Amino acid sequence: MIVKPFETKINLKNDGRLSLFFIGTGSAFVKNNFQNNLLIIKGDEHILVDCGTLCPFALETKYNTKITEIENVILTHPHADHIGGVEEMVLMDKYVRHSPVNIFIPPKFKKKLWKESLCGGIQFSENGKMHFEDYFHELPIQLIQKKPFEMYHCVLGTIDLKFFRTRHVCSNPNNLKNSQLSYGLLIDEKILFTGDTQYNEDQLMFLISKYKNIECIFQDCDVSGYSAGVHASYEQLCGLSPDIRKKMYLCHYNDAVNSVDAIVDGFAGLSKPGVYYLF
């Protein structure tokens with residue numbers, strides 16, 4: 001992996017190498033590192049993974065890139081730090097770009113996203129009542145696994161993506177029926193982005209065992225210690241084997257991250273906003 005610095009504007013195309021660019025790496029309420037939203041870039045294609053409340057602001061003021069330049073999106077779950085900027089994005093696309101945003105989304109999340117999160121703000125327009133399809137162009141996605149957790153597969157250009165269900169805001173880890181619907185991503189079968197998740201060593205080991213080319217893990221991590229029932233805690237992650245920790249970059253962290261030294265504790269480090277990770 002090569003880390004390349006940001007210059008003056010996000011380049012949404014490259015020479016064909018897989019690249020990740022974190023717009024932010026912070027947890028829900030931090031302001032210094034924005035929110036844990038990122039861009040996947042490869043060749044002529046790009047995908048924004050999550051568009052939180054601060055995402056359109058961060059894109060334009062820090063990275064000189066307008067939200068209307070984003071053509072493809074994936075949303076991992078409906079918390080505001082992951083979808084809070086979606087209303088702005090789709091309205092700008094409708095009235096400025098004049099084209100719906102392309103989206104990969106599992107069917108059950110599509111229904112919940114619209115009915116429980118988005119329709120309250122954008123279901124009405126001067127042209128009458130609006131629907132999901134008025135703002136989004138849905139791209140094909142295929143269910144490939146139901147157990148031990150559901151997984152979906154989709155492709156954009158040469159970018160291969162697999163969604164996997166995560167355990168997030170869940171009181172009973174053996175029953176996800178009444179838990180937050182949330183997903184992580186496997187990118188080109190070599191980059192694991194956990195999304196928001198409780199500590200779930202079984203899932204981590206399953207994915208590492210099945211997809212043996214995983215070379216880098218971007219792992220949700222709570223350092224403060226007060227939300228281990230929602231996110232993986234730093235202390236829990238420190239208990240993973242050295243072989244796993246050495247390929248793991250921590251993300252979705254808050255300001256308490258300054259109290260630890262991830263590299264000394266065996267991790268690859270902290271995910272950094274505003275740089276290109278090239279693979």
Side-chain angles (χ1 to χ4, degrees), residues 10 12-13 21 23-24 28 34-42 44-61 63 65-143 150-157 159-163 165-166 168 180-185 187 193 195-196:
I10 297 175
L12 296 175
K13 296 183 180 182
F21 184 95
I23 296 161
F34 296 109
Q35 295 156 335
N36 200 50
N37 306 161
L38 74 146
L39 278 159
I40 303 169
I41 305 162
K42 188 179 183 186
D44 292 335
E45 303 293 351
H46 69 271
I47 307 171
L48 175 64
V49 181
D50 289 334
C51 184
T53 310
L54 300 175
C55 184
F57 175 81
L59 280 172
E60 188 159 343
T61 60
Y63 302 118
T65 304
K66 295 185 181 298
I67 192 65
T68 49
E69 296 178 57
I70 305 301
E71 298 180 1
N72 310 292
V73 69
I74 285 171
L75 304 173
T76 63
H77 68 288
H79 281 152
D81 54 322
H82 299 268
I83 68 156
V86 172
E87 181 173 318
E88 178 177 345
M89 176 175 65
V90 298
L91 288 175
M92 289 292 288
D93 282 346
K94 176 178 172 57
Y95 292 106
V96 177
R97 194 164 70 92
H98 304 294
S99 179
V101 65
N102 298 317
I103 189 169
F104 289 112
I105 188 166
K108 66 174 70 175
F109 185 27
K110 172 186 172 181
K111 183 177 180 180
K112 281 183 168 289
L113 178 69
W114 179 252
K115 289 191 173 183
E116 298 179 7
S117 298
L118 295 181
C119 76
I122 56 175
Q123 66 176 316
F124 297 109
S125 79
E126 68 281 11
N127 297 316
K129 194 169 184 178
M130 307 293 281
H131 302 88
F132 183 92
E133 292 75 16
D134 293 308
Y135 296 106
F136 297 95
H137 173 232
E138 195 174 354
L139 299 174
I141 185 170
Q142 179 185 9
L143 179 67
E150 68 184 61
M151 290 187 73
Y152 294 86
H153 179 235
C154 53
V155 176
L156 181 68
I159 304 173
D160 184 276
L161 295 161
K162 292 179 175 66
F163 290 72
R165 177 74 188 271
T166 64
H168 182 44
Q180 177 69 70
L181 189 61
S182 58
Y183 297 92
L185 291 173
I187 307 164
F193 174 73
D196 282 18

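Source: prediction; values computed, not measured. Heavy-atom basis, side chains included; hydrogens, waters and symmetry copies ignored.
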What do the steps show when you test Phe109 against Trp114 for side-chain contact (heavy atoms from CB on, under 4.5 Å), and what is the final call?
CA-CA 8 Å; Phe109 185 27; Trp114 179 252; over 6 Å; no
Results of side-chain hydrogen bond (donor to acceptor under 3.5 Å, both in side chains) for His77 - residues two or more places apart only:
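For His77 the side-chain hydrogen bond (donor to acceptor under 3.5 Å, both in side chains) partners, ignoring immediate neighbours, are His79, Asp196.
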Any chance you could measure [X], atom [atom1], to [Y], atom [atom2], to the nearest 0.5 Å?
| X | Y | atom1 | atom2 | answer |
| --- | --- | --- | --- | --- |
| Gln142 | Met151 | CD | CE | 12.0 Å |
| Ile159 | Leu161 | CD1 | CG | 6.5 Å |
| Lys66 | Glu60 | NZ | CD | 4.0 Å |
| Asn102 | Ile47 | CG | CD1 | 10.0 Å |
| Ile67 | Phe57 | CD1 | CZ | 13.5 Å |
| Cys55 | Ile70 | SG | CD1 | 7.5 Å |

Any donor-acceptor pair under 3.5 Å from [X] side chain to [Y] backbone:
| X | Y | result |
| --- | --- | --- |
| Asp50 | Thr76 | yes |
| Thr68 | Arg97 | no |
| Glu45 | Lys42 | no |
| Thr166 | His168 | no |
| Gln123 | His131 | no |

Taking side chain as C-beta onward, heavy atoms only, is [X] less than 4.5 Å from [Y]?
| X | Y | answer |
| --- | --- | --- |
| Leu113 | Leu75 | yes |
| Leu38 | Ile23 | no |
| Pro140 | Cys154 | no |
| Leu118 | Phe136 | yes |
| Leu181 | Lys108 | yes |
| Ile141 | Pro106 | yes |
| Ile83 | Ser117 | yes |
| Leu139 | His137 | yes |

Using side-chain contact (heavy atoms from CB on, under 4.5 Å), reason through Ile74 and Ile103 one step at a time and then give a plain yes or no.
CA-CA 6 Å; Ile74 285 171; Ile103 189 169; over 6 Å; no
Which heavy-atom pair separates Ser125 from Met130 by the least distance, and what is that distance?
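Looking at all heavy atoms of both residues, the shortest contact is OG-SD, 3.2 Å.
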Applying side-chain hydrogen bond (donor to acceptor under 3.5 Å, both in side chains), run through His153 and Asp160 and close with a yes or a no.
CA-CA 8 Å; His153 179 235; Asp160 184 276; 2.6 Å; yes
Go through it in stages, so that I can follow the logic: the residues are Ile105 and Phe132, the test is side-chain contact (heavy atoms from CB on, under 4.5 Å), and I'd like the CA-CA distance, side-chain angles, deciding distance and then a yes or no.
CA-CA 12 Å; Ile105 188 166; Phe132 183 92; 4.2 Å; yes
CA sep, side-chain torsions, deciding dist, call: Tyr135, Met89, side-chain contact (heavy atoms from CB on, under 4.5 Å)
CA-CA 9 Å; Tyr135 296 106; Met89 176 175 65; over 6 Å; no
Before giving the answer on ring pair (Phe, Tyr, Trp, His ring centres under 6.0 Å), spell out for Phe21 and Tyr63 the whole-Å C-alpha distance, their side-chain angles and the decisive distance to 0.1 Å.
CA-CA 11 Å; Phe21 184 95; Tyr63 302 118; 5.1 Å; yes
Of all residues at least two apart in sequence or in a different chain, which pass the ring pair (Phe, Tyr, Trp, His ring centres under 6.0 Å) check with Tyr152?
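Tyr152: no ring pair (Phe, Tyr, Trp, His ring centres under 6.0 Å) contacts found.
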Candidates Leu48, Leu156, Asn72, Val49 - the one meeting side chain to side chain contact (heavy atoms under 4.5 Å, CB included) with Ile40
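Output: one option passes, namely Val49.
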Among Glu87, Lys94, Glu88, which residue meets the side chain to side chain contact (heavy atoms under 4.5 Å, CB included) test with Ile122?
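Per the side chain to side chain contact (heavy atoms under 4.5 Å, CB included) rule, the option paired with Ile122 is Glu87, out of Glu87, Lys94, Glu88.
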